[in-house]
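Here is the naming used below: chain letters follow the sequence lines, and residue numbers restart at 1 for every chain.
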4 protein chains.
Amino acid sequence: MEFTEKQLQILEIAETLFAAKGFEGTSVRDIAEKAGINVAMISYYFGSKEKLLEALFKSRIGSVQVRMENLIKDQSLSPLQKINLLIDEYVERVLQHENFFKIMVTEQLITKNPSVLSSLKQLKLRNVELITQLIKEGQKKNMFRKKVDVVMMVNTMIGTVWQTTMNRDFYFELHPAPVGSTDSANTILIKRKLSIHIKALFKVILTHEA
Amino acid sequence: MEFTEKQLQILEIAETLFAAKGFEGTSVRDIAEKAGINVAMISYYFGSKEKLLEALFKSRIGSVQVRMENLIKDQSLSPLQKINLLIDEYVERVLQHENFFKIMVTEQLITKNPSVLSSLKQLKLRNVELITQLIKEGQKKNMFRKKVDVVMMVNTMIGTVWQTTMNRDFYFELHPAPVGSTDSANTILIKRKLSIHIKALFKVILTHEA
Amino acid sequence: MEFTEKQLQILEIAETLFAAKGFEGTSVRDIAEKAGINVAMISYYFGSKEKLLEALFKSRIGSVQVRMENLIKDQSLSPLQKINLLIDEYVERVLQHENFFKIMVTEQLITKNPSVLSSLKQLKLRNVELITQLIKEGQKKNMFRKKVDVVMMVNTMIGTVWQTTMNRDFYFELHPAPVGSTDSANTILIKRKLSIHIKALFKVILTHEA
Amino acid sequence: MEFTEKQLQILEIAETLFAAKGFEGTSVRDIAEKAGINVAMISYYFGSKEKLLEALFKSRIGSVQVRMENLIKDQSLSPLQKINLLIDEYVERVLQHENFFKIMVTEQLITKNPSVLSSLKQLKLRNVELITQLIKEGQKKNMFRKKVDVVMMVNTMIGTVWQTTMNRDFYFELHPAPVGSTDSANTILIKRKLSIHIKALFKVILTHEA
DNA sequence: AATGAATGAGCGTTCATTCAT
DNA sequence: CATGAATGAACGCTCATTCAT
């Protein structure tokens, strides 16, 4: 799971291209050209185009997992605070790695690659586990309702974030941002909107209070 | 926009394959073989592989629009009832055309095909318009809150439905269905869960009551 | 060798297209479309695309031969007058059927079609025969030199006419025609130039006098 | 404009095949097979079949131009001697590159390829320019007539050479060569005949003396 | 007599990968 | 360690032709 400088550079370029044109729609020549390397290098460094994708998943997913784990252990926060932090964390993560998120969404539907599938499943499982743990904590303290469908909750979070980021342009067509506002300003706006929206939803789901 | 029997058959097979392997990952030979026709027929009937995809979008999207339009005009229903019906309608539609929905999701991210993009945009716009109309009706009757972010609402609905259906298998691994339960039974279960879940969310969003 | 109205119409269109894009470069669909008939008609009427070409050769070559034959029998003309008439006749014929001439030139170099080849050979033979006869007549009357290479003479006539008509545009770029002069006016100009030029050459070849 | 050993080999084979079957009639698979290489190599080396043709034109035309240029500068020769040398040079060149000449003739009539067309035009212009220069020299020395149509003159040269070489077989059917005479012996014979014939014609055109 | 549907073969090109150096 | 040349397979598409009606 350790990559050389060159490999990381290739991964980054591959990520951009896969996101823009899809895995099948991106040729190794595209990647090689953009990376300023020989076509043969992709096979040389990663074994195959398929394995390059696997490497991308391992690299990106691996780097994500760590931060969330620590959150749950923090004793100074209430369960709901933890949930809210987790939402912010997730929104932040997706918006920051939009390209990889795109790839994840499409590959999830199409790929038969076992390595990719297992990476994805592991990630999903961990997500559900984490939230389940947080919720149980809140239930023990009588702060959350008894019956909560965690999977559905997670689906709402992931789905809403996905749908919102993927249709970001559409959103700004209906709600035009102030003239001259930068792309990164818009990103911050979207993040805030998402955060507030999802937190409100989760609060209802968990506490039954609006 | 009228298709012959043969064309419809090809569209159906193409839909299955595009959903399973993506547009780029599906060759016209794949389609031809599964449809029991000659490769040349795809070009013969649709002009090109690209135009076959466009035809698929036009055919599927066109057939959907009608039912929703009538809903809003029904004077015997309260605004919330209409919203709830619309949710059921949407859930039903997606679950029934899962394959096309898959294609829509992936192509939306990747395609540069102007015809496909415009079909998609038009569909999204119509969705937002319809719901906006419903909400305004509710607001006039003082049944809904004043400030509702319709786009975010729609994103939650679409995103949740998508995330749930696309991860249906994952769901049943965590919540095993009774042994021997059929696939269509599971579909009904998912539909009900989605319907209840989203209705609850929308009620809060619209009325501020849990 | 008898063609129906429809067949003649197809032949005419095929002639135009073959001249413009070559035999291989022209598809039966091109022809059918331009003729407003079904693709199947080409095979139906002529048997095949190849046989359509054969038919074109037979039809066009057949119609040409007749006029020249009479020329030689005319007793009121001197041998040189006959030669000059023959030159005019040839120039006229080529310029009038430029398209077919184009096809003849290209197919001559490429085709392996035995029917086409034999049509061409027969035409060439007849040309040489005719001129040989005329020259012998002149020699008998001591008006022409004894040693004349008829084939080379014919080559110069055919070659010059061909090279001139095929480069007609190039010619008018170097010698711009008066502004507003029509295409048919230019054709007449080219005809006259060719006629004078070749007659002068032939006179020298045949009589050794400039 | 520099080609590798392999590229030159492919160009040579392509030249033979294009001459024999035409550009459209020759498939890249034909070329690849005859060259003992993979089909993909044609695209790899030249970009496309079309560009292979362009490369052929550039390579062949480029190599020709040089020799003629020097001729005109030679002060020790009279204008008529120069013209005669130029004729020999041209005859020699065409007979030596008969295949390319064939391709030139056919493509000239059919191609829409702008690169090929411009190569051809440039070549024709240079030819006319060169001869014009030679003739002016002769006119200044009062050795040539005042009114000479250079384009028509060049047309006669090119046309006669073309018509003669392209019908070489036909010629030898009418004037059978001695039994056992080789092909190259026949070529020399044709060259001599052409040289004498055209020189005689040009002499008349230029000096009005037979 | 004439057609539209359908076919199989072949087209030029691009693909991911391999291999000799 | 890295490369550029080369490969075979597959790509989407067009071709002339056939055949049932």
Side-chain angles (χ1 to χ4, degrees), chain A residues 4 6-7 10 23-33 35-53, chain B residues 4-7 10 23-33 35-53, chain C residues 4-7 10 14 23-33 35-53, chain D residues 4-7 10 23-33 35-53:
Chain A
T4 70
K6 204 84 194 159
Q7 282 177 308
I10 296 172
F23 177 72
E24 297 264 7
T26 304
S27 74
V28 292
R29 264 170 189 78
D30 286 342
I31 301 169
E33 199 169 323
I37 56 166
N38 192 279
V39 259
M41 297 307 290
I42 272 91
S43 292
Y44 181 66
Y45 274 137
F46 297 95
S48 72
K49 189 189 174 190
E50 200 77 22
K51 290 212 181 93
L52 164 62
L53 183 69
Chain B
T4 68
E5 199 68 28
K6 204 84 194 157
Q7 281 177 310
I10 295 172
F23 176 73
E24 298 261 10
T26 304
S27 74
V28 292
R29 276 168 182 80
D30 286 342
I31 301 169
E33 198 168 326
I37 55 166
N38 193 279
V39 253
M41 296 311 289
I42 270 89
S43 292
Y44 179 67
Y45 276 134
F46 296 97
S48 69
K49 189 192 174 190
E50 199 79 21
K51 288 208 184 100
L52 165 61
L53 182 69
Chain C
T4 70
E5 199 66 27
K6 204 86 194 157
Q7 281 177 311
I10 296 173
F23 176 72
E24 296 264 7
T26 304
S27 73
V28 291
R29 262 171 189 77
D30 287 342
I31 301 169
E33 200 169 322
I37 55 165
N38 192 279
V39 260
M41 296 308 290
I42 272 91
S43 292
Y44 180 66
Y45 275 137
F46 297 96
S48 71
K49 188 190 173 189
E50 201 77 23
K51 289 211 183 96
L52 165 62
L53 183 69
Chain D
T4 68
E5 200 65 29
K6 205 83 195 159
Q7 280 177 311
I10 296 173
F23 176 73
E24 297 260 11
T26 304
S27 75
V28 292
R29 276 168 182 81
D30 286 343
I31 301 169
E33 198 169 326
I37 55 168
N38 192 279
V39 253
M41 297 311 289
I42 270 89
S43 292
Y44 180 67
Y45 275 134
F46 296 97
S48 69
K49 190 190 173 190
E50 199 79 21
K51 289 210 183 99
L52 165 62
L53 183 69

Between atom [atom1] in [X] and atom [atom2] in [N], what is the gap in whole Å?
| X | N | atom1 | atom2 | answer |
| --- | --- | --- | --- | --- |
| Ile10(A) | dC1(F) | CD1 | C1' | 14 Å |
| Glu33(B) | dG8(E) | CD | C1' | 15 Å |
| Leu53(D) | dT13(E) | CG | P | 12 Å |
| Ile37(B) | dG12(F) | CD1 | P | 13 Å |
| Gln7(B) | dG4(E) | CD | C1' | 13 Å |

Q: Do nucleotides 16-21 of chain E as a string where each nucleotide becomes B, S or -: B if the base has a protein heavy atom under 4.0 Å, S if just the sugar-phosphate does, - if no protein is that close.
A: BBB---
Q: State, to 0.1 Å, how close Gly25(D) and Asp30(D) come at their nearest heavy-atom pair, and which atoms those are.
A: O-OD2, 4.1 Å
In Watson-Crick or G-U wobble terms, both distances under 3.5 Å, what is the partner of [N]?
| N | answer |
| --- | --- |
| dA9(F) | dT14(E) |
| dT21(E) | dA2(F) |
| dA1(E) | none |

Q | Rounded distance (nearest 0.5 Å) linking atom CD1 of Ile42(A) with atom CZ of Arg29(A) | A | 10.0 Å
Q) Could you give the distance from CD (Glu33(B)) to CG (Asn38(B)), rounded to the nearest 0.5 Å? A)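 One gets 11.5 Å once the value is rounded to the nearest 0.5 Å.
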Q. Looking at side-chain heavy atoms only, is the closest gap between Ile37(A) and Lys6(A) below 4.5 Å?
A.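 Of all side-chain heavy-atom pairs linking Lys6(A) with Ile37(A), at least one is under 4.5 Å.
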Q: Could you check if a side-chain atom of Ile31(B) sits within less than 4.5 angstrom of a side-chain atom of Leu52(B), using non-hydrogen atoms only?
A: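 When only atoms from C-beta onward are counted, Leu52(B) and Ile31(B) do touch, with a gap below 4.5 Å.
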(Q) When you measure from the side-chain N and O atoms of Tyr45(C) to the phosphate of dA2(E), is any distance below 4.0 Å, counting only OP1 and OP2? (A)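 Checking dA2(E) against Tyr45(C), a side-chain N or O does come within under 4.0 Å of OP1 or OP2.
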Q: Examine distances only and state if a side-chain atom of Gln7(D) and a backbone atom of Phe46(D) form a donor-acceptor pair shorter than 3.5 Å.
A: no
Q: Would you kindly compare Met41(C) and Met41(B) by the position of their nearest DNA chain E nucleotide and give the one closer to the 5′ end?
A: Met41(C)
Q. Just checking Phe46(A): base, sugar-phosphate only, or nothing, at a heavy-atom cut-off of under 4.0 Å?
A.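 Here Phe46(A) touches no strand at all.
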Q: Kindly indicate whether a cation-pi arrangement holds for Lys49(C) with Phe23(C), taking the cut-offs as under 6.0 Å to the six-membered ring centre and within 45° of the axis.
A: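 Yes; both conditions hold, so Lys49(C) lies above the ring face of Phe23(C).
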